[in-house]
Participant: 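The structure follows.
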Amino acid sequence: MTAAVPAPSGAAASDPADSDELHARTRAVLPDWLALYYERPLEITHGEGRHVWDADGRRYLDFFGGILTTMTAHALPEVTRAVSEQAGRILHTSTLYLNRPMVRVAERIASLSGIPDARVFFTTSGTEANDAALLLATAYRRSHQVLAMRNSYHGRSFSAVGITGNRSWSPTSLSPLQTLYVHGAVRTRGPFAHLDDAEFTAACVADLEDMLAQTRGDVAALIAEPVQGVGGFTSPPDGLYAAFREVLDRHGILWISDEVQTGWGRTGEHFWGWQAHGAAGPPDLLTFAKGIGNGMSIGGVVARAEVMNCLDAGSISTFGGSPVTMAAAEANLAHLLDHDLQGNARRVGGRLLERLRAAARPLGVVREVRGKGLMIGVELVRPGTDEPSPEAASLVLEAARERGLLIGKGGGHATNSVLRIAPPLSLTEAEAEEGAALLEQALHTAESQLTAGRRGEQRT
């Protein structure tokens with residue numbers, strides 16, 4: 001176990017309730033399908049920088065950031081101060097009234113989006129943002145047909161589940177939409193994995209063309225994550241969505257870029273994930289959430305005015321764009337840009353990726369280390385096979401926690417066999433090296449346990 005480390009000054013006192021008791025109370029009152037990490041789930045009570053503390057006073061290096069949401073740092077002074085000051089004035093008004101902080105943030109995001117004549121609508125989550133984007137696209141195109149990528153994830157609402165191409169996160173086949181799934185988002189698995197990048201892109205474009213030939217041609221939109229999040233941080237070759245865009249434009253089909261996890265410079269090389277396919281120009285709609293609020297509940301849609309203004313009924317957002325969340329977003333975005341955290345993600349993330357690839361090279365449990373910037377996936381398999389191993393991922397998660405490192409997991413093929421590494425973008429080189437060393441130890445532990453288990457199976 002990690003040693004107890006003193007909490008940062010000013011940290012709130014934790015509830016002394018026993019973790020097992022809290023776990024039991026959680027299971028008694030919350031849904032069974034609400035996922036929890038670890039055999040003994042963790043209660044995080046406070047954080048600072050890239051570290052968090054649990055209820056027992058143990059400190060952890062956070063390499064998951066509340067599912068890519070703590071974008072800059074835990075307890076970032078600028079954000080906590082902005083939230084506190086705004087809360088002292090007024091907490092809530094709704095969009096029925098003029099909201100100066102919301103307008104300022106919308107102006108900043110519209111300018112950064114790259115979308116001409118952009119309009120911004122704020123929501124409270126990425127799910128709600130994607131839901132709104134689907135409403136806009138289907139209303140604009142007068143069609144309920146939507147193209148989505150295999151292995152995708154876009155949220156937990158009824159419509160978002162209906163376009164999710166990952167069975168692990170799609171609890172029902174019922175949907176208000178007719179969804180058509182195309183190849184391209186998973187580079188190293190599937191029928192085109194053996195092709196080089198150019199051939200892979202051409203094959204995926206041919207698949208898209210074939211799919212559209214089987215429709216009436218009035219598909220509303222393609223929605224795609226530039227790097228799939230829950231799907232295991234997979235991505236196509238750069239330029240694939242530019243090639244798709246040429247096909248979409250011929251049919252008048254809109255392109256929605258789901259930037260809930262890739263936005264704000266996390267990939268290092270670009271501010272938005274769509275820019276890796278920049279030859280296509282900006283998408284028609286862009287959705288965002290997670291990191292912009294650094295923990296506050298913010299999401300939104302950016303679209304060109306013609307699309308955003310297509311609805312012929314009035315609407316409001318009770319909680320979207322609230323004064324407090326906008327204060328957090330404004331302070332957080334300013335810190336991100338002023339400190340070039342995108343550049344830091346590129347530099348530190350690149351070194352971390354190289355370090356993890358070197359550590360994984362001799363290990364049979366690691367199939368692939370992939371990623372961009374501070375968005376890195378480590379795909380795990382049963383040693384000596386190409387079979388995805390959720391057991392290995394669980395073993396590594398537990399072993400990393402024991403050593404003081406928090407990571408996430410995800411993946412396709414109905415398995416959680418990919419480790420997801422996405423620390424705050426202010427991660428230092430020393431912290432990256434520390435985390436890599438801890439993860440390397442955890443990987444060795446998992447491989448040893450799995451190999452010993454296989455030898456035991458063979459003897460029996």
Participant: Identify whether the distance between the nearest side-chain nitrogen and carboxylate oxygen of Arg100 and Glu330 falls below 4.0 Å.
Facilitator: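 Not counted as a salt bridge, because no side-chain N and carboxylate O are separated by less than 4.0 Å.
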Participant: Does this structure show an ion pair linking Arg346 with Asp340, if we count only N-O contacts that are shorter than 4.0 Å?
Facilitator: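 No, Arg346 and Asp340 are not salt-bridged.
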Participant: Please check this pair: side chain of Tyr37 against backbone of Lys409, looking for a donor-acceptor N/O pair closer than 3.5 Å.
Facilitator: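 Such a contact is found between Tyr37 side chain and Lys409 backbone.
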Participant: Are the aromatic rings of Trp255 and Phe244 close, with centres under 6.0 Å apart?
Facilitator: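 That pair fails the under 6.0 Å test.
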Participant: As a quick check of understanding, evaluate side-chain hydrogen bond (donor to acceptor under 3.5 Å, both in side chains) for His183 and Asp207, giving each step before the final call.
Facilitator: CA-CA 7 Å; His183 287 286; Asp207 175 67; 4.6 Å; no
Participant: Do other residues, nucleotides or ligands put more than 12 heavy atoms under 6.0 Å from the CZ atom of Arg156?
Facilitator: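 Atom CZ in Arg156 is not packed in, count stays at 12 or less.
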Participant: Using a 4.5 Å cut-off on heavy atoms from C-beta on, say whether the side chain of Trp272 contacts that of Ser257.
Facilitator: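 The answer is no; the side chains never approach within 4.5 Å.
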Participant: Report yes if the side chains of Val378 and Ile407 come closer than 4.5 Å at any heavy-atom pair, otherwise no.
Facilitator: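 No, every pair of side-chain atoms sits at 4.5 Å or beyond.
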Participant: Within the 4.5 Å heavy-atom criterion, are Leu439 and Leu419 side-chain neighbours or not?
Facilitator: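 Result yes, sub-4.5 Å side-chain heavy-atom pair found.
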Participant: With rounding to the nearest 0.5 angstrom, report the CG to CD distance, Leu147 to Gln178.
Facilitator: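 Reported value, rounded in 0.5 Å steps: 10.0 Å.
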Participant: Take atom CD of Glu39 as the centre, draw a 6.0 Å sphere, and report whether it contains more than 12 heavy atoms from other residues, nucleotides or ligands.
Facilitator: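 No, the 6.0 Å shell around CD holds no more than 12 heavy atoms from other groups.
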Participant: Just so I know, are the side chains of Ser317 and Phe121 near enough to count as touching, which here means a heavy-atom distance under 4.5 Å?
Facilitator: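 Of all side-chain heavy-atom pairs linking Phe121 with Ser317, at least one is under 4.5 Å.
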Participant: Closest heavy-atom contact between Ala129 and Thr287?
Facilitator: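 Nearest heavy atoms, Ala129 then Thr287: O-CG2, 3.7 Å.
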Participant: Is there a side-chain contact between Thr445 and Leu395 (heavy atoms, below 4.5 Å)?
Facilitator: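 Thr445 does not reach Leu395 side chain to side chain.
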Participant: Just wondering, are more than 12 heavy atoms of other shown residues or ligands nearer than 6.0 Å to CZ in Phe319?
Facilitator: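 Incorrect, the count does not exceed 12.
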Participant: Let me confirm one number: the CG-CZ distance from Leu333 to Arg104, rounded to the nearest 0.5 Å.
Facilitator: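 So the CG of Leu333 and the CZ of Arg104 are separated by 12.5 Å.
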Participant: Is there side-chain contact between Leu68 and Arg420, with heavy atoms separated by less than 4.5 Å?
Facilitator: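 Of all side-chain heavy-atom pairs linking Arg420 with Leu68, at least one is under 4.5 Å.
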Participant: Compare every heavy atom of Glu398 with every heavy atom of Tyr38, then report the nearest pair and how far apart it is.
Facilitator: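 Residues Tyr38 and Glu398, closest heavy atoms: CA-OE2, 3.1 Å.
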Participant: Give me the atom names and distance for the closest heavy-atom approach of His339 to Glu78.
Facilitator: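 Scanning both residues completely, I find the closest heavy atoms to be CE1-OE2, 4.4 Å.
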Participant: Considering only NZ, NE, NH1 and NH2 on the basic side and carboxylate oxygens on the acidic side, decide whether Glu429 and Arg347 come within less than 4.0 Å.
Facilitator: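 Result for this pair is no, no salt bridge flagged.
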Participant: Calculate, to the nearest 0.5 Å, the distance between atoms CZ and CG belonging to Arg266 and Leu425 respectively.
Facilitator: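 Here the rounded value is 4.5 Å.
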Participant: Is the shortest distance from a Lys or Arg side-chain nitrogen in Glu434 or Arg50 to a carboxylate oxygen in the other one below 4.0 Å?
Facilitator: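 Salt bridge: no.
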Participant: Got a salt bridge between Asp386 and Arg367, using NZ or NE/NH1/NH2 to carboxylate O under 4.0 Å?
Facilitator: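 Here Asp386 pairs with Arg367 in a salt bridge, since their nearest N and O are under 4.0 Å apart.
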Participant: Show the numbers, then the answer: is there a side-chain hydrogen bond (donor to acceptor under 3.5 Å, both in side chains) between Glu431 and Thr428?
Facilitator: CA-CA 5 Å; Glu431 290 164 342; Thr428 67; 3.2 Å; yes
Participant: How far does CD of Glu259 sit from CG of Leu286, to the nearest 0.5 angstrom?
Facilitator: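 If we round to the nearest 0.5 Å, Glu259:CD and Leu286:CG are 5.0 Å apart.
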Participant: Can you tell me how far apart CZ (Phe233) and CD (Glu225) are? Round to the nearest 0.5 Å.
Facilitator: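 Between Phe233 CZ and Glu225 CD, I get 10.0 Å after rounding to 0.5 Å.
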Participant: Is Lys372 salt-bridged to Asp238, going by a charged N under 4.0 Å from an acidic O?
Facilitator: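 A salt bridge is present here (some side-chain N lies under 4.0 Å from a carboxylate O).
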Participant: Measure the CG-CG distance between Leu254 and Leu134 for me, rounded to the nearest 0.5 Å.
Facilitator: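 Here the rounded value is 11.0 Å.
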